[in-house]
Asker: 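Quick one: the structure is below, and I'll ask about it shortly.
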There are 2 protein chains.
Amino acid sequence: MTGPEIDRLITLLARLPGLGPRSARRAALHLIQSREAAMVPLLGALGDVAERVRPCSTCGNVDTRDPCAVCVDGRRDDGVICVVEDVADLWAMERAGAFSGRYHVLGGVLSALDGVGPEDLSIPRLEARCADGRVREVILALGATVDGQTTAHVIADRLAETAPGVAVTSLAQGVPVGGELDYLDDGTIGTALRARRPV
Amino acid sequence: MTGPEIDRLITLLARLPGLGPRSARRAALHLIQSREAAMVPLLGALGDVAERVRPCSTCGNVDTRDPCAVCVDGRRDDGVICVVEDVADLWAMERAGAFSGRYHVLGGVLSALDGVGPEDLSIPRLEARCADGRVREVILALGATVDGQTTAHVIADRLAETAPGVAVTSLAQGVPVGGELDYLDDGTIGTALRARRPV
């Protein structure tokens, strides 16, 4: 009863992460009923992004220019590259505001199960970036999962060969800020205990 | 770091019902990274709907034609009008597939708290539709809330005056299909008990 145009919009909205069929219907109806306030602006914003945003050929970030704003920012340190799994992680690092070097987006992590090998990720491009002599340190900011840590080890091994002068580090593991011990898993508590520091 | 175009897209997506700032970021990134599979189709579907979908001037449904597909469907019974609060409720009734008359979308319910009076809803238009002599019954399919039931009573009172030949009914209240007594609120159990029927 909704007609093919509305059905198609609902189907496409339902494919967005975070929206199911029910919320996609509500979202579509909201857009239709708030035409000027919601539909027209979203259409414009989506069109702008579709037309102008591209992946950065240096780091893999997405931006309206290539190289991206992070790669061309003169205030950032060329000597440190933070390796992240995807652009969402790059955004999360930037929101934290604690890092002022460059980034390298892998585009995933190695996974034997999903058949993702080093050639599927941007590891060769990372090695090329590390070979130019300006990079002092590569920070591996990968998830504390089995695949994330496997990927970190593979990258560390490869960089030890291809860019032996570059220090490879990873994010500290431990108790999250605001985390209560009672709610933490045993692995995190064990890791935090082994990595304990003098106060 | 995301640039004004992406920021604007995230802001607009976050205003959709069901999406918060976090899921809006994920949705925006998904669209950017699945350009051909997600962004371009959504842009097309949104453009189609924005260009072609309008409210039906008879019943208040939304469709690409006016009167809408439900209002012009010759297989439907002109003698019964189902009154719903909004288009989402009309869609829900149609999904249930149990009704084959016409609809009337009120555009809300009466609410003293929110300052919604009868003139803010399409009650006068409903009265006009009921005055043409073809309508035998008006089914009030409004929510079992205080405002919904107040609205139902007001409509019933007004129709008793302006269209005295029209029967006004409302949806039955009781135990939902698949509902377990243990999980039902006391009000529903009490209502279902008072409205008990012979087996």
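In what follows, chains carry the letters A, B, and so on, assigned in the order in which the sequence lines appear, proteins first and then strands, with residues in each chain numbered from 1. Since the model is a prediction, treat every value here as computed from it, not as a measurement. Reckoned from all heavy atoms, side chains included, excluding hydrogens, waters and symmetry mates.
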Asker: Quickly, which of B:Arg8, B:Glu5, B:Met39 forms a side chain to side chain contact (heavy atoms under 4.5 Å, CB included) with A:Leu46? Name it, please.
Answerer: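 One option only clears the test, and that one is B:Met39.
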
Asker: Heavy-atom cut-off 4.5 Å, strictly under: side chain, backbone, both or neither for B:Ala27 against chain A?
Answerer: both

Asker: Can you say whether B:Arg25 sits under 4.5 Å from chain A via the side chain, the backbone, both, or neither, judging by heavy atoms?
Answerer: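 Its backbone and side chain both get close to chain A.
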
Asker: Given a strict heavy-atom distance threshold of 4.5 Å, which part of B:Leu9 is in contact with chain A: side chain, backbone, both, or neither?
Answerer: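 Looking at B:Leu9, backbone and side chain both touch chain A.
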
Asker: Would the number of heavy atoms belonging to other residues, nucleotides or ligands and lying under 6.0 Å from CG of B:Asp185 be above 12?
Answerer: yes

Asker: Heavy-atom pairs under 4.5 Å with chain A are the metric here; pick the option from B:Ser23, B:Pro41, B:Ala88, B:Gly18 that has the most.
Answerer: B:Pro41

Asker: Could you tell me the separation between the CG atom of B:Leu16 and the CG atom of A:Leu29, rounded to the nearest 0.5 Å?
Answerer: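 One gets 12.0 Å once the value is rounded to the nearest 0.5 Å.
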
Asker: CD1 of A:Ile10 to CH2 of B:Trp91: how many Å apart, nearest 0.5 Å?
Answerer: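 Rounded to the nearest 0.5 Å, the CD1-CH2 separation comes to 4.0 Å.
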
Asker: Around atom CD of A:Glu119, are there more than 12 heavy atoms from other residues, nucleotides or ligands closer than 6.0 Å?
Answerer: yes

Asker: In terms of heavy-atom proximity below 4.5 Å to chain A, should B:Glu51 be classed as side chain, backbone, both, or neither?
Answerer: backbone

Asker: Quick one: of B:Val40, B:Asp48, B:Leu19, B:Leu43, who has the most non-hydrogen atom pairs under 4.5 Å with chain A?
Answerer: B:Leu43

Asker: Between B:Arg26 and chain A, with a heavy-atom cut-off of 4.5 Å, which part of the residue counts as in contact: side chain, backbone, both or neither?
Answerer: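 Both parts, heavy atoms under 4.5 Å.
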
Asker: Determine the option with the most heavy-atom pairs under 4.5 angstrom with chain A, choosing from B:Thr11, B:Thr64, B:Asp86.
Answerer: B:Thr64

Asker: Would one find more than 12 heavy atoms of other residues, nucleotides or ligands at under 6.0 Å from atom CG of B:Asp132?
Answerer: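 Atom CG in B:Asp132 is crowded, with more than 12 foreign heavy atoms closer than 6.0 Å.
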
Asker: Which one, B:Cys68, B:Gly20, B:Pro17, leads in non-hydrogen pairs under 4.5 Å with chain A?
Answerer: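 Of the candidates given, the most pairs with chain A belong to B:Pro17.
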
Asker: Within the supplied structure, the quantity of interest is the number of heavy atoms (other residues, nucleotides, ligands) at a distance under 6.0 Å from B:Arg54 CZ; does it exceed 12?
Answerer: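 More than 12 heavy atoms, drawn from other residues, nucleotides or ligands, come within 6.0 Å of this atom.
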
